[in-house]
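The block underneath contains the structure these notes are about, expressed in structure tokens.
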Amino acid sequence: MNEKEEFSKRLSNAMVQAGYALRPVVLVLEREFNTRYWGRSVTLQAVRRWLRGEAIPSQEKLQVLADWLKVEPQALRFGEAVRNSIQQHKERWDEGVGYLERETFNAFLKLPAPQRKLIREVILTFAQVHQNAGEEMGKSQA
């Protein structure tokens with residue numbers, strides 16, 4: 001199954017979860033979307049393509065759909081697995097970063113771009129040396 005078909009299933013499921021009947025879903029989706037979207041109205045054909053798995057709406061339209069159906073835009077666009085992965089990464093980041101690291105990151109972000117680039121290169125060099133030393137240590141113990 002391709003990403004357009006997967007999006008189509010997520011959109012249909014979100015509509016059902018929001019209490020909308022599956023028939024006449026195209027008419028309901030077109031009407032409800034266009035009442036919330038301030039840009040150029042979408043056509044029945046465009047909505048049909050979303051539901052058939054032939055197209056994915058632009059990010060702006062996806063945001064309107066997500067707000068209307070009360071789902072997270074990234075979950076609607078990419079699925080729960082991606083949303084869960086992002087949440088797990090965020091939680092690891094929050095758990096692994098203490099006050100001193102946050103203070104350092106904030107100071108780093110205040111630096112001009114050339115200085116941030118230099119500091120980044122220094123950190124990446126230290127990280128590479130540390131990784132290489134760990135690999136060498138593992139080889140000598142084996």
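Numbering of residues begins at 1 and proceeds along the displayed sequence.
L109 and I123 fall within the same hydrophobic cluster, defined by Ile, Leu, Val, Met, Phe, Trp and Tyr side-chain heavy atoms under 4.5 Å apart, directly or through other members. The hydrophobic cluster containing I56 also contains L11, counting ILVMFWY residues as joined when their side-chain heavy atoms lie under 4.5 angstrom apart, directly or transitively. When the side chains of ILVMFWY residues are joined at heavy-atom separations under 4.5 Å, either directly or via intervening members, V42 and L27 end up in a single hydrophobic cluster.
By the 6.0 Å contact criterion, CZ on R120 is open, its count of non-hydrogen atoms from other residues, nucleotides or ligands being 12 or less. Counted within 6.0 Å of CZ on R102, heavy atoms from surrounding residues, nucleotides or ligands total more than 12; the atom is thus considered enclosed. Residue Q45 places its CD atom among 12 or fewer non-hydrogen atoms of other residues, nucleotides or ligands, all under 6.0 Å distant. By the 6.0 Å contact criterion, CD on Q17 is open, its count of non-hydrogen atoms from other residues, nucleotides or ligands being 12 or less.
The two residues V28 and Y20 come nearest to each other via the heavy atoms CG1-CD2, 3.6 Å. Minimum interatomic distance between L69 and A14 (heavy atoms only, all atoms of both residues): CD1-CB, 3.8 Å. In terms of heavy-atom proximity, N2 sits nearest to G53 at OD1-O, 4.4 Å. When every heavy atom of N34 is checked against every heavy atom of S41, the shortest pair comes out as OD1-CA, 3.3 Å. Nearest heavy atoms, E30 versus L44: CB-CD2, 3.7 Å. Closest approach of G98 to E101, counting heavy atoms only: N-OE1, 2.9 Å.
Annotation: side chain of W50 is in contact with side chain of V47 (closest heavy-atom distance under 4.5 Å). The shortest distance between side-chain heavy atoms of M15 and W68 falls below 4.5 Å.
The distance from atom CD of Q74 to atom CD of E72, rounded to the nearest 0.5 Å, is 4.5 Å. Taken from CZ in R49 to OG1 in T43, the straight-line distance is 9.0 Å, to the nearest 0.5 Å.
Comment: R36 engages E32 in a salt bridge, judged by a side-chain N to carboxylate O separation of less than 4.0 angstrom. Contact check on R77 versus E3 returns a salt bridge, with a Lys/Arg side-chain nitrogen under 4.0 Å from an Asp/Glu carboxylate oxygen.
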Chi angles and distances behind the side chain to side chain contact (heavy atoms under 4.5 Å, CB included) call for Y99, T104: CA-CA 9 Å; Y99 171 76; T104 303; over 6 Å; no
Full working for side chain to side chain contact (heavy atoms under 4.5 Å, CB included) between L51 and S12: CA-CA 7 Å; L51 292 168; S12 295; 3.7 Å; yes
Side chain to side chain contact (heavy atoms under 4.5 Å, CB included) between L111 and L118, intermediate numbers included: CA-CA 10 Å; L111 294 172; L118 177 65; over 6 Å; no
Give the table of side-chain donor-acceptor pairs shorter than 3.5 Å for residues 58-65, with sequence neighbours excluded, one pair per line with atom names and distance.
from : atom 1 : to  : atom 2 : distance (Å)
S58  : OG     : K61 : N      : 3.4
E60  : OE1    : Y37 : OH     : 3.1
Q63  : NE2    : D67 : OD1    : 2.9

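For R31, there are no side-chain hydrogen bond (donor to acceptor under 3.5 Å, both in side chains) partners two or more places apart in sequence or in a different chain. Looking at residues two or more places apart in sequence or on another chain, you find a side-chain hydrogen bond (donor to acceptor under 3.5 Å, both in side chains) between Q128 and N132.
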